[in-house]
Amino acid sequence: MAKELLRKIPKMDLLLEWPGVGEVLQAYPRWLVVDALRSILEERRQRIVAGEDDPSLVDPSSIVRELQGRIEVLSAPSLRRVINATGVVLHTNLGRALLAREAWRYMEEVALNYSNLEYDLVKGERGLRYVHVVEILKKVTGAPGAMVVNNNAGALLLVLASLAGGKEVVVSRGELIEIGGSFRMPDVMAASGALLREVGTTNKTHLEDYEAAINESTALLMKVHPSNYRVLGFTQSVPLKDLVALGQRRDMPVYEDLGSGNLLDLRTYGLPYEPTVQDSLRAGVSVLSFSGDKLLGGPQAGIILGCEGLIERIRRHPLNRALRIDKLTLSGLEATLRLYMEPQSLAEKLPTLAFLATPWELLKIRARRLKGLLEDSLPSSFALEVMEDRSYVGGGALPLVEMPTAVVAMTHREFSPGQLDERARGGYPPVVGRIKREAFCLDVRTVREEEVELLSLSLGRSLQ
Ligand SMILES: *Cc1c(COP(=O)(O)O)cnc(C)c1O
């Protein structure tokens, strides 16, 4: 039987002439189509050898149908929209902050037209790309000087290289963190050419520890926001203002890596207080840096604020050219910062803030609506329930804050939660949820009202 089937595997020439293949050949290069057909034939040959005796394996129409599906997948963009039903607002793997529509419109204008990126329209001569965000950054934060680069890891590298290259930087052991994606503070420091001088212990560092470490090759005192973790219990760290006082006494600049960097009093939005960028500036920090796409809610960028003299040194360092911010990022960042000039409408316009500030009662209504839509589109072998749960901010911001949320918890008579999760990820658009308490859960905190229907459509198709 196997021999018989193997003999019947259609030839390439025949397949290339088969109805339907002509259209594929018009849209895609011949080599791509031939390659795809070859691998389909090889897979089917192996299935026959392994004992499958389904005659459709050698049916040209079935092979061509598979080809059409495969070409569609091959030609779909790799980076594409997904629905984030994890409830994690700043999910680094799912693209962190969503841009405000205002920011996007502005980027589109700059992308599709020439711009005054590095051109001074008053003087008619070359200008600096940074001017477009420096003034607004100063206005919004109160910083004396400002500068932007590609991302906060770049900012950190540049600050250390320009202010402490070949010199020592004093950092508390409790702040030598690793954040996701193989970013380890000691490694970035080494790459910058600065020499790490660790002080204190994992759980406790005192001002005297910093003081004792200062010597003639010390260039910088540094503080790092612990981002994604907290040491609890018997702990002590030195407040920024004490470190600043020490820096002033010993004539030593103080740099703070704030990680997420927040400009707002989050209590206004029903969240716990998180120290702000303005707090650090008021405490007298010489330089600080933070991300553009975490709590700020803008595009990926690294924002550096501080004394003008130090900012100038940072700006002039040769590494700056390699970390240069791109024009689209710059326009998106400027537009995002402009939204901060009107705080009353910020929560409406900035998706990050809107997600964080959505009250639980509203989330419950949204989850019930999703459950209703799913009940209509899924067979009765699925069980659905709206449950209370917790969602997280993500992106290293407010790691201990849990926000009450509502999820639709889904189970199936035969499929495991892992299998439901896998199918959902394969849908159009893909849906990413989370598994908790033996159920596949969809957290609606990160699903906008207008996305609920699309989410149920996607699951309706992928879970059938
Ligand atoms: C996120 C983070 C960074 C890296 O910022 P990117 O913008 O992702 O490069 C650096 N330091 C801390 C403390 C962070 O939380």
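Order of appearance sets the numbers: ligands from 1, and atoms from 1 within every ligand.
Residues meeting the side chain to side chain contact (heavy atoms under 4.5 Å, CB included) test with Val88, sequence neighbours left out: Thr86, His91.
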**OP:** Might you work through the salt bridge (Lys or Arg N to Asp or Glu O under 4.0 Å) test for Arg249 and Glu211, ending with a clear yes or no?
**Re:** CA-CA 10 Å; Arg249 250 189 293 126; Glu211 181 133 41; 3.2 Å; yes
Subject >> Verdict with supporting geometry, Lys364 and Glu361, salt bridge (Lys or Arg N to Asp or Glu O under 4.0 Å) >> reply: CA-CA 5 Å; Lys364 209 160 64 178; Glu361 297 76 30; over 6 Å; no
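Within the 4.0 Å heavy-atom shell around ligand 1 one finds Lys294. Note on ligand 1: Arg96 sits in its first shell, one or more heavy atoms being nearer than 4.0 Å.
Contacts between Gln300 and ligand 1, counted as non-hydrogen atom pairs separated by less than 4.0 Å, are absent for every part of the residue. With a heavy-atom cut-off of 4.0 Å, Glu175 does not touch ligand 1 at all. Contacts between Ile177 and ligand 1 below 4.0 angstrom, taking non-hydrogen atoms only, involve the side chain exclusively.
Every N/O-N/O distance between Asp293 and ligand 1 stays at or above 3.5 Å. Any N or O atom pair closer than 3.5 Å counts here, and Ala301 shares no such pair with ligand 1. The shortest N/O to N/O separation between Asp257 and ligand 1 falls below 3.5 Å.
A 6.0 Å sphere centred on CZ of Arg437 holds more than 12 heavy atoms belonging to other residues, nucleotides or ligands.
For ligand 1, the atoms lying closer than 4.0 Å to a non-hydrogen atom of Ala153 are 4 (C), 5 (O), 6 (P), 9 (O). Close approach to Ser291 involves these atoms of ligand 1, each under 4.0 Å from a residue heavy atom: 5 (O), 6 (P), 7 (O). Numbered from 1 in the order shown, with element, the atoms of ligand 1 that lie under 4.0 Å from a heavy atom of Phe183 read 10 (C). Those atoms of ligand 1 that come under 4.0 Å of a heavy atom in His225, given as number and element, are 13 (C).
Using a distance-only test at 3.5 Å, with no hydrogens or angles considered, a donor-acceptor pair links the side chain of Thr336 to the main chain of Gly332.
Between Leu330 and the options Met107, Arg324, Arg129, a side chain to side chain contact (heavy atoms under 4.5 Å, CB included) holds for only Arg129.
The CE atom of Met410 lies 5.5 Å from the CG atom of Leu378; values are rounded to the nearest 0.5 Å.
Using modelled atom types, one finds a donor on one side chain and an acceptor on the other under 3.5 Å when comparing Asp326 with Thr329.
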